[in-house]
Amino acid sequence: MEEALFDPKQVNLPFTVAIIKPDTVLEPEKLEEVVAAIEKSNELAIKNMFQRELLKEEVVNLYYKHENKPYFEDMLRYMQSGESCVMIL
């Protein structure tokens with residue numbers, strides 16, 4: 001079993017994480033546009049990038065502030081519906 005990426009509840013993460021959602025990953029042209037925009041930025045640099053399905057624990061940790069919202073379970077399913085592109089910036 002894969003280990004969770006990180007716990008965003010930590011206050012001082014030494015990096016920024018960008019997650020491109022599963023529906024965009026399924027459209028390579030759109031994903032390439034997003035990556036190109038980040039690469040062209042003078043303020044951001046991609047230090048690491050990979051694609052994989054997110055663990056439920058990761059999604060819960062990412063969206064913990066929405067835990068009591070009526071859409072929370074749907075959001076969990078959506079974010080685990082396929083591979084996401086994870087970028088460490």
Side-chain angles (χ1 to χ4, degrees):
M1 181 166 184
E2 293 185 65
E3 185 177 323
L5 293 172
F6 56 89
D7 183 352
K9 295 176 193 173
Q10 294 178 17
V11 177
N12 295 313
L13 290 176
F15 50 83
T16 298
V17 176
I19 299 177
I20 311 304
K21 295 177 171 89
D23 57 338
T24 301
V25 171
L26 290 174
E27 298 186 48
E29 301 82 23
K30 285 186 179 183
L31 179 58
E32 288 173 15
E33 286 179 32
V34 172
V35 171
I38 293 170
E39 289 175 334
K40 288 179 186 176
S41 168
N42 291 328
E43 298 176 17
L44 300 171
I46 299 171
K47 296 175 184 171
N48 192 4
M49 181 171 70
F50 53 92
Q51 290 183 9
R52 73 169 173 82
E53 289 186 24
L54 298 177
L55 303 172
K56 182 175 183 176
E57 175 186 1
E58 292 169 333
V59 180
V60 168
N61 285 340
L62 284 167
Y63 295 103
Y64 71 95
K65 291 182 179 180
H66 303 275
E67 204 166 22
N68 296 318
K69 304 290 184 186
Y71 54 81
F72 186 71
E73 290 299 321
D74 288 337
M75 186 169 48
L76 291 181
R77 279 190 293 279
Y78 167 67
M79 289 301 294
Q80 292 185 274
S81 66
E83 289 190 347
S84 291
C85 180
V86 180
M87 292 182 267
I88 308 300
L89 307 176

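These numbers come from the heavy atoms of this one structure, side chains and all, not from hydrogens, waters or symmetry mates.
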Going from [atom1] on [X] to [atom2] on [Y], what distance comes out if it is rounded to the nearest 0.5 angstrom?
X     : Y     : atom1 : atom2 : answer
Cys85 : Arg52 : SG    : CZ    : 12.0 Å
Glu67 : Lys65 : CD    : NZ    : 13.0 Å
Glu27 : Ile20 : CD    : CD1   : 12.5 Å
Glu53 : Glu58 : CD    : CD    : 11.0 Å
Ile38 : Glu43 : CD1   : CD    : 12.5 Å

Hydrophobic cluster membership, [X] vs [Y], 4.5 Å side-chain cutoff:
X     : Y     : answer
Ile19 : Val60 : yes
Leu54 : Tyr71 : yes
Leu31 : Phe50 : no
Ile46 : Leu44 : yes
Val17 : Leu76 : yes

Closest heavy-atom contact between [X] and [Y]?
X     : Y     : result
Ala18 : Leu89 : CB-CD1, 4.0 Å
Met49 : Met87 : CG-CG, 3.6 Å
Phe72 : Tyr63 : CE1-O, 3.3 Å
Lys21 : Tyr78 : CB-OH, 3.4 Å
Pro22 : Gly82 : CG-O, 3.7 Å

Got a sec, which pairs hit side chain to side chain donor-acceptor pair (under 3.5 Å) with one end in residues 28-41, sequence neighbours left out?
none

